[in-house]
Amino acid sequence: MNKVLDFLMKICACISIAAVITICVFMFANGVPAIKEIGITKFLFGTQWRVSQNLFGIWPMIVGSIYVTAGAMIIGVPIGLLTAVFLAKYCPKKLYKFIKPIINLMAGIPSIIYGFFGLVVMVPFVREHFKGNGQSILTAALLLGIMILPTIISVSESSIRAVEESYYEGALALGATHERSVFTVVVPAAKSGVFAAVVLGVGRALGETMAVMMVVGNQARVPDSIFKGVRTLTTNIVLEMGVFHGLFKNRILIVY
């Protein structure tokens, strides 16, 4: 029985690896010829994205993605980690039974619902209390910071709970307070799991599309302020999905 399970797990692992490799091969096989035609430097560092003029510089989208993701991590990581510590080491059982399902429910809310909330509530709030029209890097970062909380909280909490209780008890035996034992012994011992939570949060923030598209402004430019609108790489894919790019006679053809 163990050999059968071991064989099935190996098969599943191989299928997962093969799927990732297939996706990568497909992307490179279809993308490299176009990038070669455009020019790698113009493609990566060009500041103009104008499909009608055959200008395909993605540098504004790269910068926009970095700004929005970094803002989301600045907001989401501290809140998520502190919430995980509270749930694992401070939260009463009755309150835990109430908070934990809410966090799990947040993870199941569709992105479009988050985007609608951001468009109706957060955009007017930012417009009234800050600069700009509300559709900006700041709004997208705030929204993504909320969206990545369930991932960071759940993974971090599991990692903190997985730390052996002897670590905490040993710190108390040496005279440390409860807070000092948690933050200087238990949390550092769970750093690998916390780091995994942060990485998953980055992946969620970097890959989010619909919610960001509704609040970020979708302007293909290099921003000079967090109150300006930008366009991320994922939103650019959605916005330009109706455009077919092909190579013919050493030039880019745009077919609508």
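In this text the structure is predicted, and so the values were computed from the model without any measurement.
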So which atom in Leu44 and which in Ile62 form the shortest heavy-atom distance, rounded to 0.1 Å? O-CD1, 4.0 Å
Say whether, by atom type as modelled, one donor and one acceptor occur between the side chain of Asn218 and the main chain of Arg231 under 3.5 angstrom. no
Kindly say whether Gln135 contributes a backbone atom to a donor-acceptor pair with the side chain of Thr139 at under 3.5 angstrom? no
Sidechain-backbone polar pair: Arg127 side chain, Met122 backbone, donor-acceptor under 3.5 Å: no
Less than 4.5 Å apart, any side-chain heavy atom of Met214 and any of Phe117? no
Report the C-alpha separation of Leu55 and Trp49 in whole Å, then their side-chain angles, then the decisive distance to 0.1 Å, and conclude whether the side-chain contact (heavy atoms from CB on, under 4.5 Å) test is met. CA-CA 5 Å; Leu55 297 175; Trp49 179 274; over 6 Å; no
What distance separates Thr235 OG1 from Gln219 CD, expressed to the nearest 0.5 Å? 11.0 Å
What distance do Ser225 atom OG and Phe130 atom CZ have between them, rounded to the nearest 0.5 Å? 11.5 Å
Ser156 side chain vs Ile153 backbone, donor-acceptor pair below 3.5 Å: no
Given the rule in the side-chain contact (heavy atoms from CB on, under 4.5 Å) test, do Ser136 and Ile226 qualify, once you have shown the distances and angles that lead to the verdict? CA-CA 7 Å; Ser136 61; Ile226 62 172; over 6 Å; no
With a 4.5 Å heavy-atom cut-off, do Phe195 and Val199 have their side chains touching? yes
Does the side chain of Val230 come within less than 4.5 Å of Tyr67's, by heavy atoms? no
Separation between CE (Met213) and CD1 (Ile112), nearest 0.5 Å, reads 7.0 Å
What I'd like to find out is whether the side chain of Val212 reaches to under 4.5 Å of the side chain of Thr234, using heavy atoms alone. no
Distance check, rounded to the nearest 0.5 Å: Ile99 atom CD1 versus Leu95 atom CG? 3.5 Å
In this structure, CG of Leu144 is separated from CZ of Arg204 (nearest 0.5 Å) by 8.0 Å
Please verify the inter-ring angle class for His178 with Tyr90; under 30° counts as parallel, over 60° as perpendicular, anything in between as tilted. perpendicular
Whether over 12 other heavy atoms sit under 6.0 Å from Lys100 NZ: yes
Determine whether more than 12 heavy atoms belonging to other residues, nucleotides or ligands lie under 6.0 Å from atom CD of Glu165. yes
Atom CZ of Phe116 with >12 non-hydrogen neighbours under 6.0 angstrom: no
Does the side chain of Ile137 come within less than 4.5 Å of Pro223's, by heavy atoms? yes
Could you check if a side-chain atom of Cys14 sits within less than 4.5 angstrom of a side-chain atom of Ile17, using non-hydrogen atoms only? no
Heavy atoms, side chains only, cut-off 4.5 Å: are Ser111 and Met147 in contact? yes
Side-chain touch Glu157/Ile160, heavy atoms, less than 4.5 angstrom: no
Is the cationic atom of Lys36 (NZ for Lys, CZ for Arg) positioned less than 6.0 Å from the six-membered ring centroid of Phe43 and within 45 degrees of its normal? no
Tell me, please, whether Tyr96 has Arg161 positioned over its six-membered ring: NZ or CZ under 6.0 Å from the ring centre and within 45 degrees of its axis? yes
